[in-house]
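When a ligand or atom number is given, it counts from 1 through the structure's own listing order. The first residue of the sequence shown is numbered 1, and numbering continues consecutively from there.
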Amino acid sequence: MLKPRMWPNRSKSTSPDALLPDTDGRLPERAQKPFDCTPVGILLTVKFTKLSTSQTPGKASNGEVGKALRGKAKQLYATDDPEVLWVEYKNSATAGDGEKKEDFAGKGRLNNLITTLIFDLLKKRGIDSHLVARVGETSQLVKKVTMFPLEIVLRNTAAGHFCSRLGVEEGIELKEPVLEYFLKNDDLHDPFVNDDDLVALGVCTREDLAEIAPLARRINEALIEIFAKIGIKLVDFKIEMGRTPDGTLLLADEITPDSCRLWDQRDGSGKVEHLDKDLFRRDLGDIIPAYEEVESRLAELAKSEGIEVAE
Ligand code: ADP
Ligand code: UDP
């Protein structure tokens with residue numbers, strides 16, 4: 001009997017202690033919830049030195065993923081390599097702290113493709129991520145990291161909460177990129193925090209922040225350039241980071257239209273055409289054609305840069 005382990009999405013605890021990243025490089029025991037399932041017999045030919053053994057995902061015997069598991073956009077499973085996790089991208093979209101929820105056929109596949117393309121394009125620009133490989137329509141293998149419980153937001157153009165909080169009109173170009181941190185805590189609705197809050201609570205050290213902030217800004221610069229090349233304005237986005245057992249800071253989680261605001265610039269009219277989850281958040285239209293458009297433009301760019309692209 002295979003007993004994969006599941007990592008939940010967010011800490012449900014409001015205790016600052018519960019937010020402390022583990023220092024030994026392992027995911028916290030408190031987050032491990034074993035459940036029973038039988039092996040699915042999927043054996044992957046592994047091309048990576050670290051992955052000398054076959055990887056088996058934590059899938060239920062009936063092939064379903066996530067049925068009995070929590071997780072909003074994706075779910076993570078242990079593999080037989082302790083340094084590697086299996087990620088399943090799901091079709092569900094949530095907004096407003098999970099109050100609004102809907103499934104969109106094909107979204108998991110598209111987000112898996114998009115995040116893989118973006119991580120590959122970033123790698124070409126010298127920025128590493130947790131991605132090991134895309135291994136299926138909706139699945140990836142990633143390096144397991146100890147996550148900082150942070151949503152790291154970069155803004156280039158005013159939108160969303162930045163506007164409501166500061167009384168600014170959406171679409172105003174910011175004089176310089178804004179870096180914001182939100183503590184990942186559902187009970188507290190992911191509160192806005194500053195460097196002092198994070199250091200005082202022990203969520204990160206000054207040294208961590210001195211690494212996280214410049215990496216986040218480099219990622220922003222690279223993404224602005226990538227999206228500009230495919231006629232898309234990068235308004236803002238959220239990323240997450242963690243440390244590998246050897247202490248390396250890595251971009252983790254995902255970069256998809258779920259986690260970015262992407263405005264189409266191709267028709268040149270100046271009218272805002274959303275290619276992101278605001279279509280769902282604001283009931284503006286179907287997200288799937290927009291996500292397909294982002295995927296096909298990124299794939300075209302990746303091919304032009306000699307990156308191997310899934311057909
Ligand atoms: P959320 O609701 O927090 O957006 P998701 O449904 O996207 O969560 O689930 C992904 C979870 O996995 C997040 O909590 C994220 O911090 C975590 N995660 C992402 N990449 C890694 C990684 N490489 N190692 C460990 N945890 C990760
Ligand atoms: N974002 C995200 N996950 C969240 C909250 C925000 O990926 O839980 C992204 C969002 O898609 C946008 C950026 O972070 O690209 C900034 O979002 P904002 O703070 O404006 O919040 P929102 O208005 O999206 O709730």
Side-chain angles (χ1 to χ4, degrees), residues 5-12 21-22 25-28 31-32 66 69-79 82-101 108 111-112 115 119 128-132 140-166 168 170 178-186 189-192 220 223 234-245 248-263 274-282 287:
R5 294 165 297 166
M6 177 182 79
W7 277 265
N9 280 344
R10 292 189 177 189
S11 166
K12 290 281 170 199
D22 290 318
R26 284 182 293 120
L27 286 172
Q32 299 178 8
L69 315 174
R70 283 159 298 186
K72 284 181 248 165
K74 52 196 181 303
Q75 194 63 60
L76 276 62
Y77 304 90
T79 66
E83 293 185 11
V84 174
L85 298 177
W86 178 286
V87 182
E88 279 293 335
Y89 281 79
K90 298 161 64 171
N91 284 338
S92 51
T94 59
D97 258 348
E99 275 165 31
K100 189 172 154 120
K101 185 173 189 304
N111 274 354
N112 186 33
T115 206
F119 285 153
D128 265 351
S129 74
H130 70 161
L131 180 68
V132 175
Q140 286 177 352
L141 293 175
V142 300
K143 287 182 193 160
K144 181 166 87 176
V145 298
T146 302
M147 297 298 287
F148 289 102
L150 288 181
E151 300 205 330
I152 303 161
V153 170
L154 265 297
R155 302 181 187 274
N156 301 305
T157 304
H161 272 102
F162 186 84
C163 296
S164 47
R165 190 162 57 84
L166 298 172
V168 182
E170 193 156 88
V178 172
L179 169 61
E180 295 175 350
Y181 298 115
F182 296 84
L183 193 60
K184 283 187 66 149
N185 187 307
D186 279 349
H189 312 290
D190 299 340
F192 180 67
N220 184 39
L223 290 178
L234 178 66
V235 171
D236 58 29
F237 63 96
K238 182 270 302 182
I239 46 177
E240 298 184 24
M241 294 181 195
R243 286 201 191 275
T244 58
T248 308
L249 184 68
L250 267 194
L251 169 63
D253 203 54
E254 67 176 73
I255 300 181
T256 65
D258 278 6
S259 61
C260 303
R261 284 197 170 90
L262 304 171
W263 291 358
H274 297 274
L275 293 175
D276 57 56
K277 202 166 86 171
D278 273 351
L279 290 165
F280 168 67
R281 287 192 194 98
R282 302 178 185 187
I287 61 168

Minimal heavy-atom distance between C260 and I255, with the atoms involved, is SG-CG2, 3.7 Å
Among R165, R155, E170, the residue with a heavy atom nearest to atom 19 (O) of ligand 2 is R155
Checking V145, L249, L250 against M241 for side chain to side chain contact (heavy atoms under 4.5 Å, CB included), the one that qualifies is L249
Practice item. Could you tell me whether a side-chain N or O of K100 sits under 3.5 Å from a main-chain N or O of F280, the two making a donor and an acceptor? Key: yes
Note: heavy atom closest to atom 10 (C) of ligand 1, options L251, D253, L131, belongs to D253
Q) Is the closest heavy atom of E180 to ligand 2 under 4.0 Å? A) no
Tested for side chain to side chain contact (heavy atoms under 4.5 Å, CB included) against L234, the lone hit among T157, L223, L154 is L223
Nearest heavy atom to atom 22 (P) of ligand 2, choosing from H161, K72, K238, H189, belongs to H161
TODO: Return yes or no for this condition: an N or O of R281 is under 3.5 Å from an N or O of ligand 2.
DONE: yes
If we number the atoms of ligand 1 from 1 as shown, the ones under 4.0 Å from a heavy atom of V142 are 23 (N)
### Query
Would you call K277-E254 a salt bridge at under 4.0 Å N-O?
no
Q | N/O donor-acceptor pair under 3.5 Å between K101 side chain and S92 backbone | A | no
For E240, the atoms of ligand 1 under 4.0 Å from one of its heavy atoms are 15 (C), 16 (O)
Taking every heavy atom of T79 against every heavy atom of V84, the minimum-distance pair comes out as OG1-O, 2.9 Å
Atoms of ligand 1 under 4.0 Å from any heavy atom of L85, numbered from 1 in the order shown, are 24 (N), 25 (C)
Check E180 with R165, please: is the shortest side-chain N to carboxylate O separation under 4.0 Å? yes
Contact region, K74 to ligand 1, non-hydrogen atoms below 4.0 Å, reads both
>> Please check: side-chain N/O of N156 versus main-chain N/O of D236, any donor-acceptor pairing under 3.5 Å?
In response: no
A student checking ligand 1 against K184 at a 4.0 Å heavy-atom cut-off should list atoms 3 (O), 13 (C), 14 (O), 16 (O)
- Query: Is K144 in polar range of ligand 1, meaning some N or O pair under 3.5 Å apart?
  - Reply: no
* Asked: Would you say the side-chain atoms of E83 pair up with the backbone N or O of K143, donor to acceptor, closer than 3.5 Å?
  -> no
Note: C260, heavy atoms under 4.0 Å from ligand 2, region reported as backbone
Do K184 and E240 have side chains that approach each other closer than 4.5 Å (heavy atoms only, starting at C-beta)?
yes
Ignoring hydrogens and angles, tell me if any N or O in the side chain of H130 forms a donor-acceptor pair with the backbone of D253 under 3.5 Å. yes
- Item | ligand 1 to K238 polar contact by distance, N or O atoms, under 3.5 Å | no
Taking only non-hydrogen atoms of R261 and a 4.0 Å limit, the atoms of ligand 2 in range are 12 (C), 15 (O), 16 (C), 17 (O), 18 (P), 20 (O), 22 (P), 23 (O), 24 (O)
Under 3.5 Å: N/O of A252 near N/O of ligand 1
no
Judged by heavy atoms only, the candidate from T146, D258, V145 nearest atom 25 (C) of ligand 1 is V145
query: Would you say L141 and W86 make side-chain contact, with heavy atoms under 4.5 Å?
result: yes
Counting from 1 in the order shown, the ligand 2 atoms closer than 4.0 Å to a non-hydrogen atom of G160 are 20 (O), 23 (O)
Contact (N/O only, under 3.5 Å) between M147 and ligand 1
no
Short version for L76: what comes under 4.0 Å of ligand 1, heavy atoms counted, is side chain
Quick note on ligand 2: atoms under 4.0 Å from a heavy atom of D258 include exactly 7 (O), 11 (O)
With heavy atoms and a 4.0 Å threshold, my read on which part of K277 contacts ligand 2 is neither
